[in-house]
Each structure stands twice: as C-alpha cells, then as structure tokens.
Number of protein chains: 2
Amino acid sequence: MEKAPGEPVRDTVRAYGAAALGGRLRRLSDRTDREAKALYEERGVAFEQRWFPVFNCLRSGEPMSVTDLADRLQVSHVSISVIRSALEKEGLVGSRADERDGRRRVLALTDKGMALARQLAPLFDALDKAAIELNAEAGDAIAAIDRLEDALERKPLSRRVEDHQG
Amino acid sequence: MEKAPGEPVRDTVRAYGAAALGGRLRRLSDRTDREAKALYEERGVAFEQRWFPVFNCLRSGEPMSVTDLADRLQVSHVSISVIRSALEKEGLVGSRADERDGRRRVLALTDKGMALARQLAPLFDALDKAAIELNAEAGDAIAAIDRLEDALERKPLSRRVEDHQG
DNA sequence: ACCATTTATGTAATCAGTTACGGATATGTC
DNA sequence: GACATATCCGTAACTGATTACATAAATGGT
C-alpha cells in the first residue's frame, strides 16, 4: 500500500468544496442505498430499498394513489408507477381504480405485504435506529440538508450565481 | 391551487427522517446539477456540469491520468473514462500514453480547453461563491456531510444495523 | 527470458431515476 | 349534452452513475 487509503484524496475533494457538492451527495446516496440493499439480501428477503418509502407509506394501512405517493415522497409519478409494478409483481401490493375517480389507482398492501411488513418491522426499526445514530454522530446532518433545501427554495442556484456575476 | 406548493409534503418526508435520507440526497444532487447545467446553456457554452471536476483538476495545468483523477475525485475510473471521451470529443482535452508507463493515459487541456477555462473562470468563480454562500446559509452543510462520510467509514451502515438488531 | 500477478484503461450491461409524450377520465363552461 | 382543458397514470427514450468483464502493459520471482 503506497499511499493512505483515501486521506489525501478526501481532503482534495473537500477543497473543491461547494462546487463538487452535487456529485458527493449522489455518491453518498448510492452508498447508503447499496448498503441497505445488502441487508435484505443477507436475510434472503425479496425486498429492495427503493421500495421502502412507498411500502412504508402503505404500512399505515391507509390506501393511497400513485400521485398521492409521488407528492408525499417528492418523486415523479413515473417512479412510483414503476415501484408499484414491482411491488405488485411480488404480490406485496394490490391496486384498484378509485370508485369516485376512475383515473386514480389506489394502492394498498396485500395480506402477503402486511405479513412482510410485520416480518421486516424489526429490521426497519433497526435501520431507523442506525440512521438516527448516524445522524447524531454527524451532528444532525439531516437538519443541515433541510436548511440546504430551504435555502435553494428561497433562492435558486441560478439566481445566486447571477447575483455574484452579471 | 388546492394545497400549499409543498409544505405538508416536505414535513411528511422529513418525518421519515434518516430512513429516506438516501433518496433526498439524490434529489438534491439532481437539482443542483440541473440548475448548473442551465447556467451553461444560458451562456450558449457547450459544457456540462459533470465535466467540471475533471476539467477543474486539469485547469491547474498539471497533466493527470484517468486513475489519478478517479482517485482524487472518488469516482470509478469508468466514469472518468467516459468524461474524458466527451471532453476529447469537444476538443477541450487531449491525451497521450505516458512515456514511462504505456498503460497510463495522460490528460491535459488543449489550447481550446484552456481558452474555455479562461472564458468560464468568472462563471466558475460565481458558482463557487454561490455555493459557499449557500453552504453558509445552511449552517455548513458540507461539514455535516463530511461528518456523515466519516461516520460511515468508521462503521458502515450494515454493522450499525446488526448492532441494533441481531 | 518466462510466467503469474497486478495495474490502467476501456466496453458492455445494468440500474434507478428523470423528461417527453399519449391515452383515459373528470371538470367546467357554453 | 358537447367541447376545451386539466389531471392521473403508463410506456418509451434518455441520463449518469455503477459493476462485470476484457485487454494491454508493467512488475517480480524463478
């Protein structure tokens, strides 16, 4: 091993500071997703991390439509649509047209889905605790990200750049 | 407009807390990337935000190999390889085999690349300032993300989960 | 010099999200 | 009731990253 595992590297990346933030966020996200995925694999459960937000919303028992979920989770409806197919294919979720509005497709956990929810509850719980622990160790990174989102909403990057340079 | 643009939504997402962190980071990253992209388009410059880290490394004048860049920027060498092709296709970067090690391909800005670097310098500068401003407004979110990376390196998510639940 | 192993790079396949667009249903106005 | 418009959802194409695999060059022990 000729150089430290990543130290000089990391510092260099950090020196780019804010400019490279986007990429760093992406990589961090990929990393946590991958790690979570491995946890399901270890347990031999046919469940994918990217299903979690939808699955978790439905766990409450309240049926929701595709767009409801998209709005709540801040993703495109297409994304939800794809996750829905996957969850239905696994038999974890069922859907039917809304009686009052035929355009809406209402999703709910199947019996199998509810059983899996119960089975995975301890894991979800552990995941949640681990994430909370992680966040605490990082000095409430979530709050910082909240503030970042707020700041961007208040004034988008483009306008900030314009203000700093015609 | 039947409900506030995103308020109840945001709070709900936040309530998921750490568990949904991965997705939120991804979305935030996508957003900043898109906004930055628009800035180049506005100026009619054929430049993409994802080239920036590589381009910026080479701006110093020091030639670097694909793997050098990958190590420094913490991305896969494949990613660098693809960016290299794009930058060469645009004529901004040139490459040649290392004289001492034929496996290595050494990259450097072309004259056109250096000209663009000079032309975009004010924009890069403004971007940097905007990002610094943003970061300050968010109470140093970058530091929080650094701490998150550190914490994950210290003890990966998987082990944390195991510790919270057999 | 020779062969095994490691390193640097590239190509192909995959993945999880997006935008673009189209079809079906609701809604509001005449 | 009919037509214009808006909303819900889905399919297709694109994006930007990754892993898996392949190739070429260097290195080291014999």
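Nothing here was measured: the structure is a model prediction, and the numbers come from that model. Every chain is numbered from 1 and lettered A, B, ... according to where its sequence line falls, protein lines coming before strand lines.
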Hey, could you give me each pair passing ring pair (Phe, Tyr, Trp, His ring centres under 6.0 Å) that has a residue in residues 72-116 of chain A? Not counting sequence neighbours.
none
Are any of B/Ser85's side-chain N or O atoms less than 4.0 Å away from OP1 or OP2 of C/dG10?
no
Below 3.5 Å, can you tabulate the donor-acceptor pairs from side chains in residues 57-64 of chain A to any protein atom, sequence neighbours excluded?
unit_1, atom_1, unit_2, atom_2, d
A/Arg59, NE, A/Asn56, OD1, 3.0
A/Arg59, NH2, A/Asn56, OD1, 2.7
A/Ser60, OG, A/Cys57, O, 3.1
A/Ser60, OG, A/Glu62, N, 3.3

Would you say a side-chain N or O of B/Ser81 is under 4.0 Å from OP1 or OP2 of C/dT11?
no
Which angle, rounded to 10°, do you find between the first-five-pair axis and the last-five-pair axis of the helix from C/dA1-D/dT30 to C/dC30-D/dG1?
10°
Is there a side-chain contact between A/Glu137 and B/Arg160 (heavy atoms, below 4.5 Å)?
yes
Is there a side-chain contact between A/Thr67 and the phosphate of D/dC9, meaning an N or O under 4.0 Å from OP1 or OP2?
yes
Answer whether the closest heavy-atom distance between the side chains of B/Leu123 and A/Gln165 falls below 4.5 Å.
yes
Atom pairs, protein N/O to nucleotides 1-3 of chain C N/O, distance under 3.5 Å:
none

Review item, nucleotides 2-6 of chain D N/O atoms under 3.5 Å of protein N/O:
none

It should be established whether B/Arg104 places a side-chain nitrogen or oxygen under 4.0 Å from OP1 or OP2 of nucleotide D/dA25.
no
Flag the pair B/Glu133 / A/Asp163 as yes when at least one side-chain heavy-atom distance between them is below 4.5 Å, and no otherwise.
no
Any side-chain N or O of A/Ser65 under 4.0 Å from OP1/OP2 of D/dC9?
yes
Rounded to whole angstroms, how far apart are CD1 on A/Ile80 and C1' on D/dG10?
14 Å
According to side chain to side chain contact (heavy atoms under 4.5 Å, CB included), who are the partners of A/Arg103, at least two apart in sequence or on a separate chain?
A/Asp101
List the residues meeting side chain to side chain contact (heavy atoms under 4.5 Å, CB included) with A/Arg118, not counting sequence neighbours, and say none if there are none.
A/Met114, A/Ala115
For B/Trp51 and D/dA17, give me the distance from atom CH2 to atom C1', rounded to whole Å.
16 Å
By side chain to side chain donor-acceptor pair (under 3.5 Å), A/Ser81 pairs with (sequence neighbours left out) none
Is the phosphate of D/dA17 approached by B/Arg50 (side-chain N or O, under 4.0 Å from OP1 or OP2)?
yes
Collect all protein-nucleotide pairs involving nucleotides 20-23 of chain D in which both atoms are nitrogen or oxygen and the distance is under 3.5 Å.
none

Can you find a pair of side-chain heavy atoms, one from B/Leu116 and one from B/Gln119, that are under 4.5 Å apart?
yes
Under the side chain to side chain contact (heavy atoms under 4.5 Å, CB included) rule, collect the residues that match up with B/Ser76, sequence neighbours excluded.
B/Val78, B/Ser79
Drop me the distance from A/Arg154's CZ to B/Leu134's CG, to the nearest 0.5 angstrom.
8.5 Å
What pairs with A/Lys129 under side chain to side chain contact (heavy atoms under 4.5 Å, CB included), at least two apart in sequence or on another chain?
A/Asp125, B/His164
ring-ring contact (aromatic ring centres under 6.0 Å, His included) partners of B/Phe47, counting only residues at least two apart:
B/Tyr40, B/Trp51, B/Phe55, B/Phe124
Checking contacts here: which listed nucleotide (C/dT18, D/dT19, C/dG10) is nearest the side-chain heavy atoms of B/Arg84?
C/dG10
So, taking the atom named CG in B/Leu69 and the one named CZ in B/Arg105, what distance separates them when rounded to the nearest 0.5 Å?
12.5 Å
